[in-house]
Amino acid sequence: MDALLTKDKKKVLAEEMPARTTTKISGAEALLRCLVGEGVDVLFGYPGGAIMPVYDALYHYADKLNHVLVRHEQGAIHAAQGFARASGRVGVAVATSGPGAMNLVTGLADALIDSTPVVCITGQVFAHLLGTDAFQETDVINTTIPVTKWNVQVTEAGDIASAVARAFYIAKTGRPGPVLVDITKNAQNEMIDEFEYKRCEKIVTYKPRPVLQMNQIEQAVDLINNAKRPYLLAGQGVLLSGASKELIAFSEKTGIPVACTLLGLGCFPTDHPNYAGYLGMHGNYGPNLNTNECDVLIGLGMRFDDRVTGNVSKYARQAKIIHIDIDKAEINKIIKADVSVHADAKEALTALTGRCDTRRHDQWIQTFREYEKIEYEKVVHHEFNPSGPLMMAEVINMLSAMTNGEATIVTDVGQHQMVTARYYNYKKARTSITSGGAGTMGFALPAAIGAKLSSPEKQVIAIAGDGGFQMTVQELGTIMQYKVPVKILVLNNNFLGMVRQWQQLFHGKRYSFTEMENPDFIKLADAFGIPGRKIDHRDDLSDALTEMLAAPGAFLLEAVVGREDNVFPMVPSGAAVSEILLEAPEVKS
């Protein structure tokens with residue numbers, strides 16, 4: 001038809017028709033639009049050459065994305081972990097290529113074993129330079145395969161949206177975990193047509209939520225209804241599935257006592273009459289002993305890791321085992337289950353509660369109370385000795401009372417971590433945040449920053465030893481710059497305490513490179529504009545904790561505690577849970 005139009009008529013039509021324009025955006029801006037589309041409002045990162053286009057685009061997104069400049073990339077991912085653990089949302093960390101990306105690896109490993117949903121965005125060298133040992137190039141994909149739930153490298157801008165959508169979906173569904181998206185610099189710079197971001201709703205080859213098998217539930221119900229000494233071990237899966245209320249309802253109907261793993265703390269109220277205590281190597285006496293006395297043992301959203309089982313060959317041999325977990329790979333991996341329930345904890349508990357008989361197990365629960373009395377006489381009584389040095393247990397116990405067990409507590413790794421698990425009486429879900437499976441020193445300070453930024457209305461307290469605190473102490477700069485009102489409690493014994501304890505008990509008291517000469521922590525905090533106080537006597541404890549908790553902004557409290565303060569009870573390495581120690585054995589040189 002155009003061939004029939006004169007040149008003049010074509011010109012007139014062209015002038016009358018609106019111009020067809022296409023708005024283009026860079027791959028870097030596309031990434032930011034993806035993050036906004038996922039509901040991200042806080043991200044933690046550190047800029048560098050290979051991620052610079054993203055940071056340039058981020059300059060114009062200050063009203064939508066609150067970027068927190070950490071002082072080290074490890075601080076970024078730990079902060080993202082704390083954000084995720086406190087809120088239940090996906091945490092986001094950003095880093096450049098090479099050493100920047102490599103500094104995320106420890107946090108990725110930590111997040112994987114502790115089932116924490118984080119998405120890490122890393123920059124990468126130009127695609128045509130891959131494999132040439134270009135400046136700050138590392139093979140981040142092959143490096144992080146073992147420590148991520150999924151990872152992907154994006155070399156074209158048009159693939160950014162689909163990769164990010166998949167990343168968030170995989171990170172937060174099923175058993176949560178860390179995902180890494182590595183984006184080459186050319187993909188960040190390339191221009192693409194403006195797009196509408198669509199969240200990923202399913203992946204054909206990935207089935208994150210198993211279908212509840214009612215025959216498995218019926219088998220479990222049969223064991224539970226006929227049990228005389230049933231016992232439930234609650235792990236972090238209860239928290240991840242949001243099943244705390246369902247667990248309470250199940251326990252109250254069936255009368256079954258509940259003990260919590262380290263990562264499960266907070267999923268069941270410590271003041272509930274059916275609460276049995278804290279489980280594990282440094283857990284309470286009764287919960288460990290009764291593992292080898294129960295007749296039905298229910299593992300709910302927990303892995304039966306070595307810190308819980310002790311010597312596997314001597315673990316709960318007398319009991320029928322019910323294992324409920326969303327990750328099929330965990331079932332029968334360490335402890336063989338008589339009944340396997342591959343399911344989400346909340347869904348499984350709802351089904352069990354509706355089918356189990358209403359029962360009471362008062363005499364069985366009373367055995368836990370009797371063991372509590374023994375533990376008090378042998379352990380607790382000595383940890384509150386008014387004539388000796390200030391003890392970690394005293395500090396944590398008073399902190400718990402002052403906060404009514406409702407603060408969000410972020411612990412580092414070591415003796416203070418175990419003492420906090422024993423003496424802080426958690427009342428609410430998602431208020432206990434720690435590095436469990438990886439045991440990463442330096443976790444607490446940056447993770448507390450993330451936790452506070454995710455829940456500004458909550459009181460967030462980082463508890464660390466003098467060793468772990470110094471591993472990420474530079475994040476005091478992050479607190480200073482963003483005025484994060486997090487409270488910091490350093491329990492200082494001038495030792496790498498947990499290692500020293502093992503050296504004392506099992507290595508002839510040979511304290512090989514565990515004694516520490518520390519800086520003045522209060523002066524250090526002051527250099528970052530953070531007020532602080534140091535105490536070394538119990539008479540000052542109440543006033544100091546009150547001052548810390550009442551401070552309008554960040555505050556550092558250093559409590560000097562007993563130098564050779566040991567944590568008991570303790571299940572020695574290679575021992576059965578029933579061989580738990582209440583006091584130090586005779587030291588052999």
Side-chain angles (χ1 to χ4, degrees), residues 20-70 73 76-77 79-80 83-84 87-97 100-101 104 117-127 140 148-173 176 178-203 450 453-454:
R20 296 177 65 184
T21 60
T22 301
T23 302
K24 290 183 176 290
I25 61 172
S26 68
E29 184 172 351
L31 169 66
L32 300 184
R33 293 193 181 193
C34 293
L35 297 179
V36 172
E38 286 290 344
V40 174
D41 50 19
V42 179
L43 55 156
F44 306 89
Y46 204 94
I51 196 69
M52 203 174 295
V54 169
Y55 274 84
D56 187 55
L58 192 57
Y59 186 84
H60 303 286
Y61 272 71
D63 60 331
K64 298 183 179 68
L65 293 169
N66 176 23
H67 178 276
V68 178
L69 175 65
V70 295
E73 291 88 355
I77 188 165
F83 183 97
S87 65
R89 300 166 60 194
V90 178
V92 180
V94 184
T96 192
S97 64
L104 298 174
V118 294
V119 169
C120 291
I121 309 294
T122 55
Q124 185 55 274
V125 300
F126 288 92
V140 67
T148 53
K149 187 177 177 183
W150 183 68
N151 67 10
V152 64
Q153 187 171 78
V154 180
T155 60
E156 296 180 5
D159 295 331
I160 289 175
S162 60
V164 172
R166 282 184 166 228
F168 275 85
Y169 179 68
I170 292 170
K172 65 188 177 183
T173 54
V179 171
L180 183 139
V181 181
D182 190 48
I183 309 175
T184 59
K185 195 167 183 178
N186 61 286
Q188 300 171 48
N189 285 328
E190 286 172 6
M191 304 301 290
I192 58 174
D193 292 335
E194 190 170 348
F195 66 97
E196 181 180 353
Y197 181 68
K198 294 182 180 179
R199 295 188 183 189
C200 180
E201 300 294 339
K202 67 177 181 178
I203 299 173
L453 291 177
S454 79

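Considering only heavy atoms from C-beta on, K185 comes within 4.5 Å of P53 through its side chain. Inter-residue side-chain proximity for L69 and F44 is flagged as unmet; no heavy-atom pair is nearer than 4.5 Å. Two residues are said to be in side-chain contact when any heavy atoms from C-beta on lie closer than 4.5 Å; L58 and D56 fail this criterion. Taking the side chain as every heavy atom from C-beta outward, K24 and E194 never approach each other to under 4.5 Å. Contact of the F168 side chain with the V40 side chain is registered, since non-hydrogen atoms from C-beta on lie closer than 4.5 Å. Between Q188 and I51 the shortest side-chain heavy-atom distance falls below 4.5 Å. The shortest distance between side-chain heavy atoms of V54 and I121 does not fall below 4.5 Å. P117 is not listed as a side-chain neighbour of F83, based on a closest heavy-atom distance of 4.5 Å or more.
A pairwise comparison of heavy atoms in A127 and T155 identifies CB-CB, 4.2 Å as the closest pair. In plain terms, the two heavy atoms of I192 and G158 that are nearest each other are CG2-N, 3.9 Å. When all heavy atoms of I160 and A187 are compared, the pair lying nearest together is CD1-O, 3.9 Å. Between C34 and F195, the shortest heavy-atom distance links the atoms SG-CZ, 4.1 Å. G27 approaches A157 most closely through the heavy-atom pair CA-CB, 4.0 Å.
Once rounded to the nearest 0.5 Å, the distance linking CD of Q124 with CD1 of I183 reads 11.0 Å. For the atom pair OG of S87 and CG of L453, the computed distance is 11.0 Å after rounding to the nearest 0.5 Å. The CE atom of M52 sits 11.0 Å away from the CG atom of N189 when rounded to the nearest 0.5 Å. Separation of atoms OH (Y59) and CG (L32) is listed at 15.0 Å; rounding is to 0.5 Å. Atom OG of residue S97 and atom CZ of residue F126 lie 11.0 Å apart, to the nearest 0.5 angstrom. The CE atom of M191 sits 9.5 Å away from atom OG1 of T23, with the distance rounded to the nearest 0.5 Å.
Judged by distance alone, the side chain of R199 and the main-chain N or O of A165 form no donor-acceptor pair under 3.5 Å. At least one donor-acceptor pair closer than 3.5 Å links the side chain of T96 to the backbone N or O of A50. Not a single donor-acceptor pair under 3.5 Å links the side chain of N151 to the backbone N or O of L180. Remark: the backbone N or O of A30 is not paired with any side-chain donor or acceptor of Y197 at under 3.5 angstrom.
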Next item on the list: Apply side chain to side chain contact (heavy atoms under 4.5 Å, CB included) to T184 and V125, showing your working.
Entry: CA-CA 5 Å; T184 59; V125 300; over 6 Å; no

Next item on the list: Could you please spell out the steps behind the side chain to side chain contact (heavy atoms under 4.5 Å, CB included) verdict for V92 and V118?
Entry: CA-CA 6 Å; V92 180; V118 294; over 6 Å; no

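Residues E38 and K172 are paired through a salt bridge, judged by an N-O separation under 4.0 Å between the basic side chain and the carboxylate. Look at R89 and D41 and you find a salt bridge, because one of the NZ, NE, NH1 or NH2 atoms lies within 4.0 Å of a carboxylate O, short of that distance.
Within 6.0 Å of the OH atom in Y169, the count of heavy atoms belonging to other residues, nucleotides or ligands exceeds 12.
Put simply, the residue from V164, I170, V94, V90 that forms a side chain to side chain contact (heavy atoms under 4.5 Å, CB included) with V119 is V90. If you run side chain to side chain donor-acceptor pair (under 3.5 Å) between Q153 and each of T122, D159, D182, only D182 comes through.
With hydrogens and angles left out, the side-chain atoms of Y61 and H67 include no donor and acceptor closer than 3.5 Å.
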